[in-house]
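Written out below as structure tokens is the structure these notes cover.
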Amino acid sequence: MASIVPMTLSSLLAQLMNGLAEASTLFLVAAGLSLIFGVTRIVNFAHGSFHMLGIYLAYTLVAHLGGGPWGFWGAIGLAALTVAVLGAVVEVLILRRLYGAPELLQLLATFALVLVIKDASLWLWGAEDLFGPRAPGLAGAVMIAGQRLGQYDLLLIVIGPLILALMSLLLNRTRWGTLIRAATQDREMLAALGVNQAWLFTSVFALGCLLAGLGGALQSPRVPATLSLDLDTIGNAFVVVVVGGMGSLNGAFLAALLIAGVKALCVALGTVTLGDTTIVFSKLTLVVEFLVMAIVLVWRPWGLCGKPQSTQRSRVDLDPPLHAASRWQCHGGVLLLLLLIAAPLLSPQFPYLTVLLVEILIAILFAVSLHFIMGPGGMHSFGHAAYFGAGAYAAALLLIRLHQPMLVALAMGPLFGALAALLFGWFCVRLSGVYLAMLTLAFAQITWAVVFQWDDVTGGSNGLIGIWPDDWAASPVVFYYLALGMSVAGVLLLRRVVFAPFGLALRATRDAAMRAETIGIDGRRTQWLAFILAGAVCGLAGALFAFSKGSISPDAVSIGRSVDGLVMVMLGGVQSLLGPVVGAALFTWLQDLIARETDYWRALLGLTILALVMLFPDGLAGGFTRLFQRAIRRETS
């Protein structure tokens, strides 16, 4: 017997209208993101930050201009224009210098901007949520099908299609729009024709930021201005852009409508009982957009209105072959290992040292596992935290629920990380580029939603506590040596695989997939196995993390954790095996050092990352290696 919480057509209509109002402003953000990516090829991670600034600026400008019609709508327009000007300044001063850099380095620079803008907002407006005034003359509601619908929501529903129509006219009926479409198709040919690409890119970036700021400003009467809007918005905007198809404004609009409709249906359905099973559809609103994205990408890998990606060109020219470690590198590695072994001897003078080193070792394991599929594998992952969380929760549950020894729990971490990668990787390796990255993000968010809402097993939002090492490993020094041994073993294992025949096959698939296939290499199976191996090492990092902290929470599976891993890999350098080690150690140390010195540690960390990006465009490890080799050539000559 199935029972459903009563749902009327009018209640479904009310939820759908509310969803459409939100989808309309989300479309503005997604349209700007799609426009910027289509022309500049930059995956702008800071786009959500510009949306957040739009809300904050609208709140401030309304307070100064007054809450009347001229003051309110003037504030909306000025907020959007201010965000556009700020975007143009960012493009000219920072991003213009990075157009020739690898795409992942550009992504790292935009992530650094996220940190800077977040702390700048914290300094200007504080940490409290700010509620903007209602739109003058639109504070009431109208009755439709027996339901009260806000007048302002109805206006937002109209604004979305209006902006779509204006953008279509701009892109199809103006010379500037023609140049944008040409740049989307072939930037090199456009430059050969004498078009000033620099100013074209600046204008496109400013327009994209204007749309993001306008979307934020229009949301100010509906949602509070809060510092968490940046990452929340960029995640949803990525979903809309990818589901609709990269570079397609019509697709982004259709995707926004689809996701809004599915969310409204989940809320309206409420709770459904099938026999002894109760399904709470309303809880799916936390993750429904990522479920939609996963389904669409599995069914149509290039999105609803996108075009199939062209075959990836050979990367042999960009990525030089990997070489075994030189003599000085081997000596340096041995010296570093000896220093790490001797580090606990300094613990009486620096009691926090072993704790920090354990965090660094866990970060290194996490980063090298991500680097394994990004560097040698050529597969960008935005959801690597899924395997980290799988290992952490597996170890915690075995210890707490099943009362297994610590070593058994640690052994299950890599196993469950590999099982998660086995499942998710089977779908992911069928995609490439941004679509692959976004599908990994979708699976990570689905994992986060399960962990966040499965209170009986995972503890829900409160997580699990009491995950302490066994008595023999309770000493910080003993646990440090355990973490050191496992981390070194994980790093050496992945390094050995990279130079093994499997690693050569993996790089061959990355560099020239068609050639690899013609000589008998099964590219998908090779990449799938790489996913599984990376998931196992990442799961080990998660298990160690659970025991090092004594607790585990859904933050271990969050977008922030995956982004941290990306920053570590890109900071050190994707094309160097030493890169993730250097990047993870430096990022963890800087984060700990700066966070203890100031409340605005994100801004300082972001500025530091920006400086390193400018100085070392191929990562720290690659930059130092290049400088060292140059010094050796000078001495020999």
Side-chain angles (χ1 to χ4, degrees), residues 26 29-30 33 43-52 104 107-115 117-118 212 226-243 259 284-294 297 363 366-367 369-370 373-374 379-393 417 420-421 424 428 434-453 458 461 463 535 538 541-542 545 552-571 584 587 591 602 605-606 609:
L26 180 59
V29 184
L33 181 64
V43 180
N44 182 21
F45 215 89
H47 204 65
S49 300
F50 292 113
H51 172 83
M52 178 184 71
L104 287 176
L107 179 65
L108 178 59
T110 60
F111 172 74
L113 289 173
V114 171
L115 299 178
I117 294 174
K118 183 185 286 289
T226 177
L227 294 173
S228 62
L229 279 173
D230 49 3
L231 290 182
D232 292 341
T233 302
I234 192 61
N236 293 330
F238 273 139
V239 170
V240 171
V241 170
V242 171
V243 170
I259 292 172
L284 291 177
T285 55
L286 290 175
V287 73
V288 67
E289 60 264 42
F290 294 97
L291 284 171
V292 171
M293 182 170 69
L297 289 183
F366 183 64
S369 65
L370 177 58
I373 58 177
M374 287 182 62
M379 298 174 286
H380 302 162
S381 173
F382 285 5
H384 206 61
Y387 319 121
F388 186 86
Y393 271 96
F424 299 156
C428 292
V434 176
Y435 295 105
L436 183 150
M438 294 309 299
L439 187 57
T440 62
L441 175 62
F443 285 132
Q445 282 301 100
I446 293 171
T447 305
W448 173 86
V450 171
V451 168
F452 188 82
Q453 298 183 92
T458 64
S461 58
C538 190
F545 176 82
I552 189 68
S553 70
D555 287 342
V557 202
S558 65
I559 293 179
R561 178 78 56 181
S562 297
V563 171
D564 286 348
L566 283 169
V567 172
M568 294 173 193
V569 172
M570 293 183 291
L571 190 60
F587 180 79
Q591 193 175 42
R602 295 181 188 85
L605 181 61
I609 292 174

Report the C-alpha distance between F45 and L231 in whole Å, list the side-chain angles of each, state the deciding distance to 0.1 Å, and finish with yes or no for side-chain contact (heavy atoms from CB on, under 4.5 Å). CA-CA 9 Å; F45 215 89; L231 290 182; 3.7 Å; yes

Value for CZ (F366) from CG (D564), rounded to nearest 0.5 Å, stands at 7.5 Å

Between T440 and S381, is there a donor-acceptor pair closer than 3.5 Å when you use the side chain of the first and the backbone of the second? no

Check against side-chain contact (heavy atoms from CB on, under 4.5 Å), I117 and D230: CA-CA 9 Å; I117 294 174; D230 49 3; over 6 Å; no

Are R561 and F545 in a cation-pi contact, defined as NZ or CZ under 6.0 Å from the six-membered ring centre and within 45° of the axis? yes

Out of the candidates V292, L441, I234, I259, only one should pair with V239 under the side-chain contact (heavy atoms from CB on, under 4.5 Å) rule; please name it. I259

At their closest point, which heavy atom of L439 faces which heavy atom of A294, and how far apart are they? CD1-CA, 3.6 Å

How many angstroms lie between CE in M52 and OG1 in T233, if you round to the nearest 0.5 Å? 9.0 Å

With side chains defined as the heavy atoms from C-beta onward, is the minimum distance between Y435 and V242 less than 4.5 Å? yes

Got C428 and F443 here, is their nearest side-chain heavy-atom distance under 4.5 Å? yes

How far apart are the closest heavy atoms of A237 and A30, and which atoms are they? O-CB, 4.1 Å

Contacts of T226 meeting side-chain hydrogen bond (donor to acceptor under 3.5 Å, both in side chains) (sequence neighbours excluded), chain-then-number -> D129

Closest heavy-atom pair, V569 versus A367, reported as atoms and distance to 0.1 Å, is CG2-O, 3.5 Å

OG-CD distance between S558 and Q445, expressed to the nearest 0.5 angstrom: 8.0 Å

Starting at NE2 of H47, measure out to CG of L33 and round the result to the nearest 0.5 Å. 5.0 Å

Heavy-atom nearest pair, A212 first then F50, reads CB-CB, 4.3 Å

What are the two closest heavy atoms between S562 and F382, and how far apart are they? CB-O, 3.2 Å

Pairing residues for S49 by the side-chain hydrogen bond (donor to acceptor under 3.5 Å, both in side chains) criterion, not counting sequence neighbours: none

Nearest heavy atoms of A392 and G542, plus distance in Å: CB-O, 3.2 Å

Value rounded to 0.5 Å, distance of CZ in F452 from OG in S553: 10.0 Å

I'd like to check L566 versus M374 (side-chain heavy atoms, cut-off strictly below 4.5 Å). Are they in contact? yes

When rounded to the nearest 0.5 Å, the distance separating CG of L229 from NZ of K118 is 8.5 Å

Could you check whether any side-chain heavy atom of W448 comes within less than 4.5 Å of a side-chain heavy atom of P554, counting everything from C-beta outward? yes

